[in-house]
Number of protein chains: 2
Amino acid sequence: MVAESELNTGVLLFLPYRALENRVFAALADAGFDDFTPAQARVMQRIGPDGTRLTELAEQAQITKQTAGFLVDQLEKAGYVTRVPDPTDRRARLVCGAAKAHAAKEVADAVVAEVEREWEEHLGKRRMKQLREALTLLREITDPWA
Amino acid sequence: MVAESELNTGVLLFLPYRALENRVFAALADAGFDDFTPAQARVMQRIGPDGTRLTELAEQAQITKQTAGFLVDQLEKAGYVTRVPDPTDRRARLVCGAAKAHAAKEVADAVVAEVEREWEEHLGKRRMKQLREALTLLREITDPWA
DNA sequence: TGACATTGGTCAGAGTCTCTGACTACTTTG
DNA sequence: CAAAGTAGTCAGAGACTCTGACCAATGTCA
């Protein structure tokens, strides 16, 4: 369990992922969205346009529903999300993104687009396309929610 | 900050990364290496063959040196690493992997190789090569330590 | 229909991870 | 040598995550 000279594919995937996440998080903070944490963001990211149940958020983020509940509480207090009753199941409530969340998403999307442009510039159009293609294909066997 | 239908490259990178990490961690636990946490593993991974300074571990893992020190303490107690004085600087100590860490690394490497085989099978030899090529190239602009 | 298992969610408590700030000891620089 | 920088630790606090126990609503099926 000690580093070796050659990098495995896992590290290779992680490095650009982290670089992107750092850029997005920094831009968000610059834009005034500095009142949520990375952990909260990872949950917020997974809220669908029509709201998403807590349990589903927990599964997709691979955390327990207790943890998800804890994080959603903070997001609710900070005004990023609201909880509304699920009309189809009286046990459940839907976590919905508030206006503040959508505003933050616009900033985040812009940065992601910018970084993707930079990557494409470095890799070239062809290789960038191949990268996305391979990753999309890989999703079939690595994403339990594909 | 709410999910949309199309996946950005960040998520695309993260999904296989997480899948791989989960597999490795599960295999390690199966093999009896269940006395360290993911956070500790992320530090341990970065120890070089001749030992690495705490500060350098912290930088590469993008955590503070205090946090790194905390995690190395746990790893030391569990017998995965030792701290030896750095002969070139009396302020510093080198964190070195112990036998137990090398044994764990063997297990981890085997699983990584297995997963990479599975991915290659799914993508085809050509696309897998393109994927690694693109990621390696991307490292130039996303890895501060490249 | 009515017992029983399942599912969505919460409460309580504990352990782990991470940070900021302040500090000591050693090294480098001029 | 004095000043500045670097390696690491200590102390304290906040954030994240888990396990276990629990309640309420839903689904299953004899």
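Reminder, nothing fancy here: chain letters follow the sequence lines and each chain counts from 1. Remember, it's a predicted structure, so these values are computed and weren't measured experimentally. Values reported hereafter were calculated over all heavy atoms of this structure, with side chains retained and with hydrogens, waters and symmetry mates removed.
- The two residues A:Met44 and A:Ala101 have their closest heavy-atom pair at SD-CB, 4.1 Å.
- Distances from the side chain of A:Gln66 to the nucleotides D:dC10, D:dT19, D:dC16 place D:dT19 closest.
- For B:Tyr17 and A:Tyr17, the gap between ring centers reaches or exceeds 6.0 Å.
- Taking atom CZ of B:Phe25 as the reference point, atom P of D:dC18 lies 12 Å away to the nearest angstrom.
- End-to-end axis angle for the helix from C:dT1-D:dA30 to C:dG30-D:dC1, using five pairs per end and rounding to 10°, comes out at 40°.
- The side chain of B:Thr67 places an N or O atom within less than 4.0 Å of a non-bridging phosphate oxygen (OP1 or OP2) of C:dC19.
- The distance between atom CG of B:Asp73 and atom P of C:dG15, rounded to the nearest whole Å, is 18 Å.
- With distances taken from any side-chain atom of A:Ile63 to the nucleotides D:dA25, C:dG21, D:dT17, the minimum falls on D:dT17.
- Shown here for B:Glu118 and A:Ile141, the closest heavy-atom pair between the two residues is O-CD1, 4.2 Å.
- Nearest to the side chain of B:Leu71, among C:dC17, D:dC16, D:dT19, sits C:dC17.
- In this structure, A:Phe36 atom CZ and D:dC16 atom P are separated by 12 Å, rounded to whole Å.
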Name the pairs: protein N/O against N/O of nucleotides 5-8 of chain C, kept only if under 3.5 Å.
from, atom 1, to, atom 2, distance (Å)
C:dT7, O2, A:Arg91, NH1, 2.3

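- Using a 4.0 Å cut-off, no side-chain N or O of B:Thr64 falls inside it from OP1 or OP2 of C:dT18.
- By the ring pair (Phe, Tyr, Trp, His ring centres under 6.0 Å) test, A:Phe33 pairs with no residue at all, sequence neighbours left out.
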### From CA spacing to verdict: side-chain contact (heavy atoms from CB on, under 4.5 Å), B:Glu133, A:Leu131
CA-CA 9 Å; B:Glu133 199 177 295; A:Leu131 174 62; over 6 Å; no
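- The main-chain N or O of A:Leu138 is never found under 3.5 Å from a side-chain atom of B:His122 such that the two would form a donor-acceptor pair.
- The distance between atom CZ of B:Arg42 and atom C1' of D:dC16, rounded to the nearest whole Å, is 12 Å.
- Among the protein residues, B:Gln74 comes within range of no part of the nucleic acid, since none of its heavy atoms lies under 4.0 Å from any strand.
- In this structure, CZ of A:Arg90 is placed 15 Å from C1' of C:dG9, rounded to the nearest angstrom.
- In the set C:dT10, C:dT27, D:dT9, C:dT10 carries the atom at the smallest distance from any side-chain atom of A:Arg83.
- Only one option out of B:Arg53, B:Arg91, B:Arg93 pairs with B:Asp86 in a side chain to side chain contact (heavy atoms under 4.5 Å, CB included); it is B:Arg53.
- The distance from atom CD of B:Gln62 to atom C1' of C:dC19 is 15 Å, rounded to the nearest whole Å.
- Within the 4.0 angstrom heavy-atom criterion, no nucleotide atom of any strand lies near A:Glu56.
- If you measure from atom CG of A:Leu75 to atom P of D:dA15, you get 13 Å, rounded to the nearest angstrom.
- A:Phe70 places its CZ atom 17 Å from the P atom of C:dG15, with the value rounded to the nearest Å.
- Here the rule is side chain to side chain contact (heavy atoms under 4.5 Å, CB included) with A:Val95, and of A:Val84, A:Thr82, A:Val81 only A:Val81 fits it.
- A salt bridge links B:Arg132 with B:Glu116; the closest basic N to acidic carboxylate O contact falls under 4.0 Å.
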### Query
Which is it for B:Lys65 and B:Glu56 under the salt bridge (charged side-chain N to carboxylate O under 4.0 Å, His left out) test, yes or no, and what are the steps along the way?
CA-CA 8 Å; B:Lys65 52 188 183 172; B:Glu56 199 181 333; over 6 Å; no
